[in-house]
2 protein chains.
Amino acid sequence: MTTINDIAKMANVSRTTVSRALNNNGYVSEDVRKRIMKIVEETGYMPSVSAQSLRTKRSGVIGIILPKISTETSSRVVKGINEVVSKEGFQILLTDTELNPKKEVEYIRLLQSRQVDGIILLATNVNKELLNVINDVKVPFISLGQELPNVTSVVYDDYHAACDMTNLFIQRGHEKIAFIGVGEEDPAVGHTRKQAYLDTLQKNGLTVKDEWIHEGGDFSIESGYESMKQILKKSQGNLPTATFAVTDRMAVGAMEYLKEQGYNIPGDMAISGIGAAVMSAYITPSLTTIDYNNKEAGRITARLMLDKLNNKNVSEKSTLSYRLISRDSV
Amino acid sequence: MTTINDIAKMANVSRTTVSRALNNNGYVSEDVRKRIMKIVEETGYMPSVSAQSLRTKRSGVIGIILPKISTETSSRVVKGINEVVSKEGFQILLTDTELNPKKEVEYIRLLQSRQVDGIILLATNVNKELLNVINDVKVPFISLGQELPNVTSVVYDDYHAACDMTNLFIQRGHEKIAFIGVGEEDPAVGHTRKQAYLDTLQKNGLTVKDEWIHEGGDFSIESGYESMKQILKKSQGNLPTATFAVTDRMAVGAMEYLKEQGYNIPGDMAISGIGAAVMSAYITPSLTTIDYNNKEAGRITARLMLDKLNNKNVSEKSTLSYRLISRDSV
DNA sequence: TTATAATAAGGAATCGATTACACATCAATT
DNA sequence: AATTGATGTGTAATCGATTCCTTATTATAA
């Protein structure tokens, strides 16, 4: 591997001068600069980032902590982040918690020891230890998808999105609306979306039946399938006419079960999700859902991160907009 | 940030001893070791990876070059890789070429300057410059998805997979089989799969009509839609009865167009894809496809990488198995 | 002509680890 | 009692950059 010293020797200058030439920093004669650059070209020399970051405390790496690496949401967000930061010469270091809260904490520590310049967390839960660790973080930190106290947060407008969706059902004349959710450990998805559903029903004077509400174990299609099964079983004789699932995958699972049982969608049961998964447009019937524009969320988060890195001060909370996509399932 | 020197001072030993205690390397009395570990615990000290990697030439990072960051294939592969390497304490540095061959070369250089311990490339094309740069790479290098000369490659069995799929159509009595492909710059997807299709038709004495073959501009759903449109237009009066699309997304696009035009699938036209996208199971009719098990491919590649990092010698080419999933679209 | 400032380049310290080498102690072996 | 080997710890060099501090050379102003 060629080092700055090799280049210096070849150009008959000191490594100080090479460094200055490369960083456009301090005086270097045009003559020498050209000589150096030529050699750099020829050798394909690239400075060792380890050495640089040891010295400068900057690594050009943004650490991202994902709950799950291979989901549509994650990869869209990562895409958006990468799009923005790569233009500024930053790289992305990915970690995957596999939905294990302990790993969130572990990775925050780890990323710091790797000298990342900033950390973006796609949080799925909030707990005391997590907040403590985040408070100790010395680099710019942003939470995406959950609002964390005293932490710069970029959040989806879960409450209004879920209200709108519930209202859509009501507008279409539904009065018995079921709900497929996830555990409340996830404040944004598990709590806020459910609260919006409950509030909207109440505001419209509609009954909330326990049998119509089911929380899946995870965000999977199977979990949606199972939830729908449970809801139908528990509400024999008083079936809901619509179901609001908090994710598209769960909605797809629910549809799957309904189709298997010979129900007509949306005739016997209207269905909606959240997330605008690609699949939602191509299943039959196409799924009414809400587009959170995850890629744009990633971009916005990334820009905030860059601002922080440039010591601009940024607002503590940014709420993203959403778009209700009305399709054939409702 | 606490450094090894701080720990050394607090424990009243030299930093040498601290380093030895942390790395279980050389003699350290039980007494001192405990003292050091306790302080490390309390302070939450983590060694600076920049300093470590500057000194040891190892960074604990595997660089991955993806053609597109937010595709099902990419994220499944990354998941598989991460699953394996994270257990060994490695992190993943992601780069996205956005299908730009120049960026492949650029990122290979960049990753090396970042001192990555190994590089995994999800190649989509093969060109002279790429091969040259790869030849200069000084760290373990693996290509996934394309076979590159003199490079450790993990490849899908595109040829046999595509043969099997074509044969399936023939078995079901189809004689007029159309093909939706991509450009030949992509040897695995664009060339091999097409060759397998052509060979299989020929072997079975079936006519190959130019009007039945169309190459989409990219891998998108829209591109599949457009391709199907072209095929139907060009082969008026002698329509194919089956279409083999080289990716699931393209197959979905093709189905979309057929449905719009009122064709029955598979009655008027059978359809198949490759890739086992989640969506393929949930569209109507469900799509016959081939599962390449990308996650497992990622795992296998990662294990090869770990072997290389441990100086075990590995076979230059590994061909993966696949599974034909027969569903309702054929 | 001399003082001053701008330009150009090098010397050496520094970042935070690892590790070769040296040295001291102590127990076991001859 | 002398030699040997195992154990424990420290000193200092090193990795490859950046940057503060000097010094030398020109160009400009007084």
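Naming convention: chains lettered A, B, ... in sequence-line order (proteins, then strands); numbering from 1 in each chain.
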Can a side chain N or O of [X] be found less than 4.0 Å away from OP1 or OP2 on [N]?
X: B:T3; N: C:dG16; value: no
X: A:S29; N: C:dA9; value: yes
X: B:K57; N: D:dG16; value: yes
X: A:N25; N: D:dT18; value: no
X: A:T17; N: C:dA9; value: no
X: B:S19; N: C:dA17; value: no
X: B:Y27; N: D:dG8; value: no
X: A:Q52; N: D:dG16; value: no

Roughly, in whole Å, what's the span from [atom1] in [X] to [atom2] in [N]?
X: B:N12; N: D:dT9; atom1: CG; atom2: C1'; result: 13 Å
X: A:K34; N: C:dA9; atom1: NZ; atom2: P; result: 13 Å
X: A:N24; N: D:dT19; atom1: CG; atom2: C1'; result: 16 Å
X: B:E30; N: D:dT9; atom1: CD; atom2: P; result: 11 Å
X: A:N23; N: D:dG16; atom1: CG; atom2: P; result: 17 Å
X: B:N5; N: D:dA12; atom1: CG; atom2: C1'; result: 13 Å
X: A:L22; N: D:dG16; atom1: CG; atom2: P; result: 16 Å
X: B:R35; N: D:dG8; atom1: CZ; atom2: P; result: 13 Å

Any N or O donor-acceptor pair under 3.5 Å from the base of [N] to the side chain of [X]?
X: B:T16; N: C:dT19; value: yes
X: A:R15; N: D:dT18; value: yes
X: A:R20; N: C:dA8; value: no

*Tell me, yes or no, whether the heavy-atom count around B:E41 atom CD, taken from other residues, nucleotides or ligands under 6.0 Å, exceeds 12.*
no

Counting side-chain heavy atoms from C-beta on, which of [options] comes nearest to [X]?
X: B:V28; options: C:dA17, C:dA9, D:dT9; value: D:dT9
X: A:A51; options: D:dG16, C:dA9, C:dA17; value: D:dG16
X: B:R55; options: C:dG16, C:dT18, C:dA13; value: C:dT18

*What is the distance from atom NZ of B:K9 to atom OG of B:S14, rounded to the nearest 0.5 Å?*
12.5 Å

_Flag for A:D186-A:Q146: side-chain donor and acceptor within less than 3.5 Å_ = yes

_Among A:V116, A:V61, A:V85, A:I62, side-chain contact (heavy atoms from CB on, under 4.5 Å) partner for A:Q91_ = A:V61

*asked:* Closer than 3.5 angstrom, by distance alone: can the side chain of B:D136 be matched with the main-chain N or O of B:V133 as a donor-acceptor pair?
replied: no

Touch check for [X], heavy atoms < 4.0 angstrom, all strands: base, sugar-phosphate only, or nothing?
X: B:V13; answer: sugar-phosphate
X: A:S48; answer: sugar-phosphate
X: A:V49; answer: nothing

*Sidechain N-carboxylate O distance under 4.0 Å for B:K103, B:E106*: no

